[in-house]
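Below is one structure, written out as structure tokens; comments come after it.
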Amino acid sequence: MKFFIDTAEIEEIKSLSELGLVDGVTTNPSLIYKSGKDFKKVIKEISTIVEGPISAEVTSTESKEMINQGIELAKISSNIVVKVPLTVDGLIACKKLSTNNIKVNVTLCFSAAQALLAGKLGATYISPFIGRLDDIGTTGLNLIREIVDMYNTYKKDIKTEVLAASIRSPLQVSQVASMGAHIATIPPKIIEKIENFG
Ligand code: G3P
């Protein structure tokens, strides 16, 4: 299973990269806001440190603007993946950007049926939010299993990778690995816990 790091903090990315634990990075507007830096500058800086995929999220909720923002974000570096929300507009943007050979991470996925749509529309990654499903009293982990099984059944047509997101504990990291998630995006503080106790 690949490790993506869920942060926009440059120092954290640098130190985990030196350890060899960073296969990619996921960011979102709130993580970038927390870093206190300019959105595009942070993404550019990350792209000078990490060779793997770097997810940069659109801020618009409207498909045309998402597409425009996605095209601009993709120009920052060849390893940028445009992150769009799993909404109707997000799916329209996913289809358009993917058709134009721009990689897309469809985020905020809460059901296998939603993941099926993203897969059919050419998403490179689907991000099921397991922690937030746990928050509302369902078992987020089950969703990982369902999507992995479903994509495997249709692997000739669906090439989308399952990127387990909203991970809150070391246990969830090993659980999503056991379920066959291709990738987990992990906050640095969870990796630290694994190194110390997990
Ligand atoms: O990977 C998605 C993450 O940034 C959101 O996590 O813990 O706020 O649900 P969380």
Side-chain angles (χ1 to χ4, degrees), residues 1-13 16-17 21-37 39 42-43 45-47 50 52-61 66 69-70 73 79-87 90-91 93-94 103-112 114-115 118 123-148 160-177 179-194 198:
M1 184 177 72
K2 284 174 271 185
F3 272 27
F4 285 4
I5 305 302
D6 201 26
T7 184
E9 296 297 335
I10 300 297
E11 290 312 314
E12 291 176 336
I13 295 170
L16 287 165
S17 291
L21 278 176
V22 180
D23 297 308
V25 174
T26 54
T27 66
N28 60 44
S30 27
L31 289 174
I32 292 188
Y33 179 75
K34 268 193 227 158
S35 78
K37 296 184 184 167
F39 185 86
V42 177
I43 299 294
E45 202 174 349
I46 298 173
S47 73
V50 176
I54 299 162
S55 287
E57 189 163 348
V58 299
T59 51
S60 176
T61 52
M66 285 182 188
Q69 288 183 355
L73 289 170
N79 55 344
I80 298 302
V81 175
V82 176
K83 203 199 261 194
V84 300
L86 208 157
T87 57
L91 289 172
C94 170
K103 291 186 172 161
V104 179
N105 173 2
V106 178
T107 190
L108 292 164
C109 171
F110 296 104
S111 81
Q114 290 178 336
T124 306
Y125 304 106
I126 185 73
S127 293
F129 266 44
I130 64 169
R132 296 208 192 172
L133 281 168
D134 290 351
D135 288 346
I136 56 164
T138 61
T139 308
L141 204 57
N142 290 344
L143 178 58
I144 302 292
R145 189 201 304 270
E146 278 179 74
I147 301 173
V148 167
T160 311
E161 290 192 285
V162 178
L163 198 177
S166 182
I167 286 185
R168 313 261 179 83
S169 69
L171 178 62
Q172 284 175 328
V173 175
S174 55
Q175 286 174 323
V176 300
M179 298 292 170
H182 302 92
I183 308 147
T185 188
I186 314 167
K189 65 174 190 294
I190 302 299
I191 296 191
E192 216 174 284
K193 282 188 185 172
I194 299 174

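What's counted below: heavy atoms across the whole structure, side chains too, no hydrogens, waters or symmetry copies. Counting starts at 1 for both ligands and their atoms, in listed order.
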Practice problem: Determine the sole option in V176, L163, V162 for which the side chain to side chain contact (heavy atoms under 4.5 Å, CB included) test with H182 is passed. | Solution: V162
Exercise. Mark up the atoms of ligand 1 that fall under 4.0 Å of a heavy atom belonging to T185, in ascending order.
Key: 1 (O)
Quiz item: Near R168, which atoms of ligand 1 are under 4.0 Å from a heavy atom of that residue?
Solution: 7 (O), 9 (O), 10 (P)
Quiz prompt | Identity and distance of the protein heavy atom lying nearest atom 6 (O) of ligand 1 | solution = S166 CA, 3.6 Å
Exercise. Would you mind listing which atoms of ligand 1 come within a distance below 4.0 Å of any non-hydrogen atom of N28?
Key: 4 (O)
Quiz item: Can you list the atoms of ligand 1 that are under 4.0 Å from a heavy atom of R132?
Solution: 5 (C), 8 (O), 9 (O), 10 (P)
Quiz prompt | Reference residue I54; test side chain to side chain contact (heavy atoms under 4.5 Å, CB included); the match among T26, I13, V42, I80 | solution = I80
Quiz item: Which atoms of ligand 1 have any heavy atom of D6 under 4.0 Å away?
Solution: 1 (O), 2 (C), 3 (C), 4 (O)
Quiz item: Can you tell me if T107 and N105 form a side-chain donor-acceptor pair at under 3.5 Å?
Solution: no
Quiz item: Any luck finding a side-chain donor-acceptor pair between Q69 and S60 under 3.5 Å?
Solution: no
Quiz item: What heavy-atom pair brings C109 and L86 nearest, and what distance separates the two atoms?
Solution: CB-CD1, 3.9 Å
